[in-house]
2 protein chains.
Amino acid sequence: MTSQESEASRVGQVLAQLSSSGHRITNPRRHIVTALVQAGGHLTAEEVATAVQRRDPSVHLATVYRTLDALERAGVIIHIHLGHGRAIYHLADSSHYHLYCQQCGSVREIPQSEVDDLFALIGRAYDFEPSLGHFAIIGTCGRCIDRRGSKGNRSRGTSPESIA
Amino acid sequence: MTSQESEASRVGQVLAQLSSSGHRITNPRRHIVTALVQAGGHLTAEEVATAVQRRDPSVHLATVYRTLDALERAGVIIHIHLGHGRAIYHLADSSHYHLYCQQCGSVREIPQSEVDDLFALIGRAYDFEPSLGHFAIIGTCGRCIDRRGSKGNRSRGTSPESIA
DNA sequence: TTTATTGCAAATTATTTGCACATCA
DNA sequence: TGATGTGCAAATAATTTGCAATAAA
């Protein structure tokens, strides 16, 4: 199976799910799902719109938002927040958390299982059930830490500098 | 020392810090700092403005934002994000993280030291330095978990800010 | 045909900014 | 006095919504 074939079938699957949850299949929706599948990763609504508009410039950003919403309610995609700004969307096929670097904007995935134990501890200690899925873990990635260290060599690490 | 006295001295301290970091002391700023000190906890910019305007209605919300910004750059206050919506501000005197319940909107503080070890593990494993200070840990507080468990439905009558 | 969906423009929310005037050091 | 700070209105940024026109089932 070539990558185009598997992409096409994935698009079909997603559209089928959308359809079976009571929604109609339209041209804008086909393009939006295709963009999501082809990206393979995380896209902002605006990035989805840009990709879609390369194929059909008439598709409006508002339609993208509405479709992303419909896809999410149908359970095929998920959106998460990277701190301040926009949300990013991805297919709901793998359960992972996100590490978002405030410096360089990179997003990395970490498998859910690896962190759940840690957060379960917080939950037990504070009678609180953290939901890390919906918000990224904000911080600084290793590359940016290195870059910072080689330059000004600023006090970081244990010091309470996390106020940005 | 009465509570009014200690409040007043705290206000004085904060204003002194603001002054010594090169800013001027004005009437709006006095009121804003007082509101922050009296609240003792976490306030949104709008809540600060409301409190301030009870004493001086002419103080504009934009001034509140600008002053909060100045106070933050002077190192006396900190703001953190509760997920989607607004930011909350508090005095920078205690280092703590925040547990934000999406259901009921409650915010609880947890001492920084207790969670740092856990997050250091993530950092080591993924070459990533999480900065939890600036964003709340989102989730569901124990009371809301219980409520959800016992009633088994989604009616959350007490939620002040129901954020998806 | 009938209801969902779309495009567009206008509204929202939280915050920021340009500007002319007021005020603190 | 002269840089800072203030009130106000208008600008952002990301997203949502009302509505009349269109298209899917």
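Side chains included, hydrogens not; waters and symmetry mates left out as well; all remaining heavy atoms used. Chain A is the first sequence line, chain B the second, and so forth, proteins listed ahead of strands; every chain is numbered from 1.
Contact between the side-chain N/O atoms of A:Tyr65 and the OP1/OP2 oxygens of D:dT15 is found at a separation under 4.0 Å.
A single hydrophobic cluster is not seen to contain both A:Ile80 and A:Tyr65; linkage of ILVMFWY side chains at heavy-atom distances under 4.5 Å, directly or through other members, places them apart.
The CG atom of A:Asn27 sits 14 Å away from the C1' atom of C:dG7 (whole-angstrom rounding). Between the C1' atom of C:dT6 and the NE2 atom of A:His23 lies a distance of 14 Å, rounded to the nearest Å. Between A:Ile88 atom CD1 and D:dT15 atom C1' there is a gap of 16 Å when expressed in whole angstrom units. Distance, A:Leu15 CG to C:dA4 C1': 16 Å, rounded to whole Å. In this structure, B:Glu47 places its CD atom 11 Å from P of C:dT15, rounding to the nearest Å. Straight-line distance from the CD1 atom of A:Ile25 to the P atom of C:dT3: 20 Å, rounded to whole Å. If you measure from atom CZ of B:Arg73 to atom P of D:dG5, you get 9 Å, rounded to the nearest angstrom. The interatomic distance linking A:Arg30 (CZ) with D:dA23 (P) rounds to 13 Å, in whole Å.
One distance of note links NE2 of A:His23 with CZ of A:Arg29; it measures 6.0 Å at 0.5 Å rounding.
Residues B:Leu61 and B:Thr26 both approach DNA chain C. Their nearest nucleotides, taken by heavy-atom distance, put B:Leu61 toward the 5′ side. Nearest-nucleotide mapping onto DNA chain C: of B:Arg66 and B:Arg24, the residue sitting toward the 5' end is B:Arg66. Each of B:Arg29 and B:Pro57 was assigned the nucleotide of DNA chain D with the nearest heavy atom; the assignment lying further toward the 5' end belongs to B:Arg29.
Contact annotation for B:Ser58: backbone-only contact, meaning every heavy-atom pair under 4.0 Å involves sugar-phosphate atoms and none involves a base.
Minimum atom distance to the side chain of A:His60 is reached by C:dA9, of the listed D:dT15, C:dA9, D:dG7. Of all nucleotides listed (D:dC8, C:dC8, D:dT6), D:dT6 comes nearest to the side chain of B:Thr67.
Residues B:Ile77 and B:Tyr89 approach most closely at CD1-CD2, 3.7 Å, considering heavy atoms. Considering every non-hydrogen atom in both A:Leu91 and A:Arg10, the closest pair reads CD1-NH1, 3.5 Å. Considering all non-hydrogen atoms of both residues, A:Leu15 and A:Val33 come closest at CD2-CG2, 3.8 Å.
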